[in-house]
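Atoms within a ligand are numbered from 1 in the order they appear, just like the ligands themselves. None of these values were measured; they are calculated from a predicted model.
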Amino acid sequence: MSTAIAGFTEQCARINHRIARAARAAGREGAGVTLVAVSKQQPEARIEAALAAGQRVFGENRVQEAAARWAHRREGLQLRLIGQLQSNKAEDAVALFDAIESLDRPSLARALAEAMDRLDRRPEIFVQVNTGAEPQKGGVLPGHADAFIATLRRDFQIEPAGLMVIPPMEEEPAMHFALLARIAARNGISRLSMGMSGDFETAVRLGATHVRIGSELFGPRPLAIRTE
Ligand SMILES: *Cc1c(COP(=O)(O)O)cnc(C)c1O
C-alpha cells in the first residue's frame, strides 16, 4: 500500500474514532454518522488515495468543479453538494449529485423540482439554515425555516431529508447545532448535516448524522482563498 493511501486510511480511522467517542459521550452509540469527505480544491493525488483507501462519500461545493472531478468515475460513489447553488445550475446538480444540501429559497426549490421531474432523478434534499443570519451566507433564516419547509412540502412536493448549517466562524458552534436540531425535530426531519474539521465532535454530540470534513481528513486545501 502506498504511503498516501495508508495515510488517508489512518486519518480516516482517527476521525471515525473521535466521532464514535463523541457519540458515546452523548449516549448516541450506534448512531449512524456519515463521514462526508469534502474533496473541493484538493489535489488529485489525495483524491486517488482516498478512493484507493475505500472512501465513497464525498462533498463538493461547486457543480462544475465536481462534474470535472467526478463525472468520469461516478459509479459506486455518493456525491453531496454542500455549496450554494444557482437556479440555472439546478439541472446539472440534479444530474450529478445524490444529495443537495443547500436548498434555501423558493426559486431554487422550483428549479430543482422541475429538474427532478425532467430527469426523473430524486437526490436527497437538505434545507440549509443560516442560524447566524449572516448576510454573505446561504440558508433560510431560522425564523423562516418552518414556513419554508411547509412550502416545500405543499407547493413543490419536496420532502426534505435533512437540514444543514455552517455556523458563524467567530461564534461557539454548539448553540447553532442545537438550534438546527430543534428546527429539525419540530418539523419531523431526522438528518442533520453539521460539523466540519474544527467542530465535528460538538456536532456529533448534538445529533449530527453527517459531518463534512475537508482539511482534517485530506490536509489543508492548497487554494485557501476559494473556500466558500
Ligand atoms: C469546505 C467546507 C467544509 C469542510 O471544511 P473543513 O474545515 O476543511 O473541514 C464543510 N462544509 C462546507 C459547506 C464547506 O464549504
message = With a 4.0 Å cut-off on N to O distance, would you call Asp117 and Arg122 a salt bridge?
response = yes
query = Can you find an N or O of Asn61 that's nearer than 3.5 Å to an N or O of ligand 1?
reply = no
query = Any N or O on Met164 sitting closer than 3.5 Å to an N or O of ligand 1?
reply = no
request  = Under the salt bridge (charged side-chain N to carboxylate O under 4.0 Å, His left out) rule, collect the residues that match up with Arg191, sequence neighbours excluded.
outcome  = Glu124
Residue portion contacting ligand 1 (non-hydrogen atoms closer than 4.0 Å) for Ile166 = side chain
At less than 4.0 angstrom from any non-hydrogen atom of [X], what atoms of ligand 1 do you find?
X: Ser215; answer: 6 (P), 7 (O), 8 (O), 9 (O)
X: Arg212; answer: 4 (C), 9 (O), 10 (C), 11 (N), 12 (C), 13 (C)
X: Gly214; answer: 4 (C), 6 (P), 8 (O), 9 (O)
X: Ile213; answer: 9 (O)

message = Please compare Arg221, Arg80, Gln42 and report which has the shortest non-hydrogen distance to atom 8 (O) of ligand 1.
response = Arg221
message = Looking at ligand 1, is there an atom of it that comes within less than 4.0 Å of some heavy atom belonging to Glu216?
response = no
[X] to [Y] - nearest heavy-atom pair and separation:
X: Val63; Y: Leu81; value: CG2-CD2, 4.2 Å
X: Phe148; Y: Pro106; value: CE1-N, 3.6 Å
X: Phe218; Y: Arg46; value: O-CD, 3.3 Å

query = How would you list all residue pairs meeting ring pair (Phe, Tyr, Trp, His ring centres under 6.0 Å) that involve residues 167-191, not counting sequence neighbours?
reply = none
task = Find the distance between NZ (Lys89) and CZ (Arg62) and round it off to the nearest 0.5 Å.
result = 8.0 Å
